[in-house]
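Order of the sequence lines fixes the chain letters, A, B, ..., with proteins taken first and strands second; residue numbering starts at 1 for each chain.
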Amino acid sequence: MLLEVKNMELDFQSIDKHWQLYWAENQSNKVLEDTNKPKYYVLDMFPYPSGAGLHVGHPLGYIASDIYARYMRLKGFNVLHPMGYDSFGLPAEQYAIQTGQHPALTTAKNISRYREQLDRLGFSYDWDRQVKTSSPDYYRWTQWIFKQFFNAFFNTALNKAQPISELISEFSIKGNEGSNAYSDNQLIFSAKEWNEFTPNEQEKMLLNYRLAFLSETWVNWCPKLGTVLANDEIINGLSVRGGYPVEQKKMMQWSMRIKAYAERLLSGLDNLDWTDAIKDQQRNWIGKSVGATVFFAIEEHSELKLEVFTTRPDTLFGVTFMVLAPEHPFLEQIVPVEFKGAVKAYQVEVSKRTERDRQADVQHISGVFTGAYAIHPFTKKKLPIWTGDYVLSSYGTGAVMSVPCGDQRDYAFAKHFNLPISNVFKGVNIDQEAFAEKTGVISNSEFLDGLEINKAIEVACQRLVAEKNGFRKVNFRLRDAIFSRQRYWGEPFPVYYENEIPKLVADEHLPIELPVVDAYLPTESGEPPLARSKKEDWNHFQGDRMEYNTMPGWAGSSWYFLRYLDPNNKEEFVGKDKVAYWQNVDLYIGGNEHATGHLLYARFWTKFLFDMGFIPFDEPFKKLINQGMILGRSSLIYRIKGQNTFVTLSKKSAFETDPIHVDINLVSADKLHLSAFKNWLPEYADADFILEDDGSFICGYEVEKMSKSKFNVQTPDDLIEKFGADTLRMYEMFLGPVEQSKPWDTKGITGVHGFLKKLSRLFLSKDAAWGVVDDAPSKEMLKILHKTIRRVQDDLDRFSFNTVVSTLMIAVNELTDLKCNHKQILQPLLVLLSPYAPHLAEELWRVMGLPDGTCALQAFPIFDESILQESTYDYPVSFNGKMRFKHTFDLSLKEKEIADFIVALPLTQKYLEGKTPKKVIVVQGKIVNIVS
RNA sequence: GCGGAUGUGGUGAAAUUGGUAGACACGCCAGACUUAGGAUCUGGUGCCGAGAGGUAUGCGGGUUCGAGUCCCUCCAUCCGCACCA
């Protein structure tokens, strides 16, 4: 019976193992639909299984969600708490390029390591529901959902997606004039014209409407590597890998028409229980701005109308020139011969810089005059057209009307190139800078003169519409999401080509599995790795060729929370009955870095699947908590420049040194273990040291992101080995609020470990026998218990995971003082503890011989208010807000009685120093304040 | 430049609606026990002061009987970004 007690101490390691085995063997965490209980869905953002394994930062959110899942089970909910892996991704592919090993193999290896580490923490996941985005059983449905996007368009009148077949029949009856279908297409055709299109022409036209579509997009192209690069992979116009030049290039790419959902993605935020910080980030990303589209005629090109978007149509009379993005298509046509050379040279120069570079560099102003002129819609004056890289092709129309008096960028551009500036603001000085405030009165603007700005916007819009020179327009910053990647390790598209027209593979041939390739690199001609495959390498091959791009990382993660509901369904991506029962995620916990990527895409896919009638809700995550990052504490040593000599921290200022990261395992309490350091890497074997006066070598430190290259990664494994899983779980919570970023530091872990030992001592009698008694507890003990029940419950209800730990510590301290070994107290206490320390709670429950199965199957103790009711209260008495002494009164006493009594006290007279009180404030049950 | 977050002891932090600032823990100091241990237990610990007392939540103001909490100005640190027309 005392199996887990050694030398009067609990053996946490055996307890962990025993219960982890028990849970696995008894399928304790398996969950099924149960209509007798309310459901609750607790989800973690699933991890990418990297080769480095889990570090102490990962479990922070997992521990919090596990505690909450266990709490909600005790509260009587049927809790769904699954886990899986976002297992497609670049690192596995990079590793494959280097080693030739198939990414599926390394991924499988990493997953099993992750699983082992997760299991050691005692998480209550229902592993039968595990999903892996790289498994064909899973990505079959990612491909299927892609097909639904391809087969749909967005109806702006109904504000929802609909089958493309409806649009096709609409076109064949009345063409596309006045159509409500969302599109960037400008071409108008009649029903007759539509019906006379060849099938290929029809298909090309439909790509302008489909929610998943093919179009030409600008990409960062590295000719030397033969591949497209992400912004992250480029520094100063050179690829991080190899340092080769990168240029902007147009390429056929799949995209998702997320812009169609911009308005709904924005308004949907209002009803979500997310922090304002993250909602603001999404609002900012979506970037709604209200203004007008204005058309400018171009001199000598009557066939062209230059379209610009402005939020300030009231400043139209302040326009003194136009600026086009260097990528603007009009530049091909409008630039006179004598200017072509300069414009071309500028375009080439700009194409070497990524959009990110262009945006980061605010100081540097560049541009060239195109030699062409636009015509002002009202004044008919000539406006010179420039091209400049501060105008981005991807925002708005890629062209701006420049109003130097009202926009600082236009102002700076005008000053730099000595272009005219005309002031349209009444009584405002613009000698030094533009006036960007949206207040004041317009002048110098013909029919807008004397109007207040909002009124002027109104009038300008009316005039634009009346003269057919523009219209009101809502613009979004959000861009359509590029959906193809030139990579191997991602989902293949369910697409083949016939005469360069993309066609969908029939459902019965899904999944299209990743074909075997001889190398995970692009082909010589710069085609994606899949193009290396031969026809027979595909499990299904159709048409002239298959699609060689793969899907991006966010494809699989945009819907995985739905697959957990029904992970083994062979007929549907999720069963209707299953999704009707579990609904959307009640609590979602994960890192802040996904604020605008994953969280926005998942919302987009959910809204689409809702529109198509597949799921009964249109927001995926009701409540969101962003856990903070756990930062590493790196150790630094200082090497004298050009020597192999290292200086201790306090003496480093006397030398010129380089800081070098040193493995934190070679350092304890900032002292470097010298012999271990010499053995660490061969280059340090004969290093010299300049030591402190006491003979030690002290390291410097820095708090930064945990990473392998900084040698500051703390894995949970060693700590679990030393203290057990429960200690680590509690300690990570005890560090502070989950939302907060904090440096990892194990200094305090002994405190939490000591608490668990102290708690278990309540259950032991002197001779290490289990000494729990059935005697009735004292009133005092009951008070401690119920005070604790209330606080644990209140704190968990507001996700204050850290304060629960100290509440439990206080309870144990107080019960220890009372030498409490009463079952009536200790039994409910174990239930309170169990979400945090499930292994120990179960073990104590078992050894106590308590009934009703395991601790996890109990109900959360019921808080009894009456036990805590007091008849008296110890009032703090303060003078001018400063607390001086306390006095106990019956709680039934009224304000007036208390005030009179307090004023009469000799102690009060002492603090009054002879003055008469001006006012005595008594808040019943709270405080007394005497103002003198 | 824009947006967001955070500033409380030597350290991590607590204080849910304005009502006893620093709970709980680490660390430190003193002691007990002990065939030295990273075990356990007891007491102390914001700062100044011998003490009475004073003082203290990034700085400076304000509202209030009362402010860590609400309002204004400023400062510092961290994170994100997109010169957004």
Report the distance from atom [atom1] of [X] to atom [atom2] of [N], rounded to the nearest whole Å.
| X | N | atom1 | atom2 | result |
| --- | --- | --- | --- | --- |
| A:Phe12 | B:A39 | CZ | C1' | 13 Å |
| A:Arg312 | B:C84 | CZ | P | 14 Å |
| A:Lys918 | B:U64 | NZ | P | 14 Å |
| A:Leu735 | B:G12 | CG | P | 11 Å |
| A:Lys757 | B:A25 | NZ | P | 15 Å |
| A:Leu756 | B:A25 | CG | C1' | 13 Å |
| A:Lys787 | B:C24 | NZ | C1' | 12 Å |
| A:Arg791 | B:C24 | CZ | P | 11 Å |

Okay, side chain of [X], backbone of [Y]: is any donor-acceptor separation there less than 3.5 Å?
| X | Y | answer |
| --- | --- | --- |
| A:Thr387 | A:Leu324 | yes |
| A:Gln408 | A:Phe435 | no |
| A:Gln924 | A:Leu893 | yes |
| A:Lys473 | A:Thr293 | no |
| A:Ser402 | A:Asp410 | no |
| A:Arg729 | A:Tyr836 | yes |
| A:Thr908 | A:Ile902 | yes |
| A:Tyr873 | A:Thr888 | no |
| A:Tyr346 | A:Ser366 | yes |

Any [X] side-chain N or O less than 4.0 Å from OP1/OP2 of [N]:
| X | N | answer |
| --- | --- | --- |
| A:Arg884 | B:A52 | no |
| A:Asn802 | B:A13 | no |
| A:Thr750 | B:G38 | no |
| A:Arg479 | B:C84 | no |
| A:Arg409 | B:A85 | no |

With the side chain of [X] defined as its heavy atoms from C-beta on, choose the nearest nucleotide among [options].
| X | options | value |
| --- | --- | --- |
| A:Ile927 | B:U20, B:A25, B:G54 | B:U20 |
| A:Pro737 | B:A13, B:C65, B:C41 | B:A13 |
| A:Ile810 | B:G19, B:G38, B:C24 | B:C24 |
| A:Met809 | B:A85, B:U40, B:C24 | B:C24 |
| A:Pro876 | B:C24, B:U20, B:A14 | B:U20 |
| A:Phe734 | B:U16, B:C24, B:U20 | B:C24 |
| A:Arg798 | B:C65, B:U16, B:A85 | B:U16 |
| A:Asn929 | B:A21, B:C41, B:C65 | B:C65 |
| A:Tyr873 | B:U20, B:A85, B:C65 | B:U20 |

Could you walk me through whether A:Tyr731 and A:Phe734 pass ring-ring contact (aromatic ring centres under 6.0 Å, His included), step by step? CA-CA 5 Å; A:Tyr731 181 59; A:Phe734 191 57; 7.1 Å; no
What does [X] touch in the nucleic acid at a heavy-atom separation under 4.0 angstrom: a base, only the sugar-phosphate, or nothing?
| X | value |
| --- | --- |
| A:Val877 | nothing |
| A:Ser800 | nothing |
| A:Asn475 | nothing |
| A:Val923 | base |
| A:Lys279 | nothing |

Work out how far the [atom1] atom of [N] is from that of [M], and round it to whole angstrom.
| N | M | atom1 | value |
| --- | --- | --- | --- |
| B:G51 | B:G62 | C1' | 37 Å |
| B:G9 | B:U63 | C1' | 29 Å |
| B:G27 | B:A39 | P | 9 Å |
| B:G66 | B:G43 | P | 38 Å |
| B:A14 | B:A25 | P | 15 Å |
| B:U17 | B:C28 | P | 36 Å |
| B:G46 | B:C33 | C1' | 32 Å |
| B:G58 | B:U42 | P | 34 Å |

Comparing A:Lys882 with A:Met401, nearest RNA chain B nucleotide closer to 5' gives the residue A:Lys882
Closer to the 5' end of RNA chain B via nearest nucleotide, is it A:Gly736 or A:Gly751? A:Gly736
If we ignore angles and hydrogens, is there a donor and acceptor under 3.5 Å between the side chains of A:Asn929 and A:Lys919? no
Only one of A:Ile286, A:Asp480, A:Leu265 passes side chain to side chain contact (heavy atoms under 4.5 Å, CB included) with A:Lys259; say which it is. A:Asp480
Chi-angle category of B:G9 [syn within 90° of 0, anti beyond]: syn
Quick one: which protein N/O atoms are closer than 3.5 Å to N/O atoms of nucleotides 3-10 of chain B? Pair and distance per line, please.
unit_1 : atom_1 : unit_2   : atom_2 : d
B:G3   : O2'    : A:Asn284 : ND2    : 3.4

With a cut-off of 6.0 Å (strictly less than), are more than 12 heavy atoms of other residues, nucleotides or ligands near NZ of A:Lys623? yes
Determine which bases of RNA chain B form Watson-Crick or G-U wobble pairs with both distances under 3.5 Å, and write the result as a 5' to 3' dot-bracket string with | for other-strand partners. (((((((..(((......[....)))((((((.......))))))(((....)))..(.(((..]....))).))))))))....
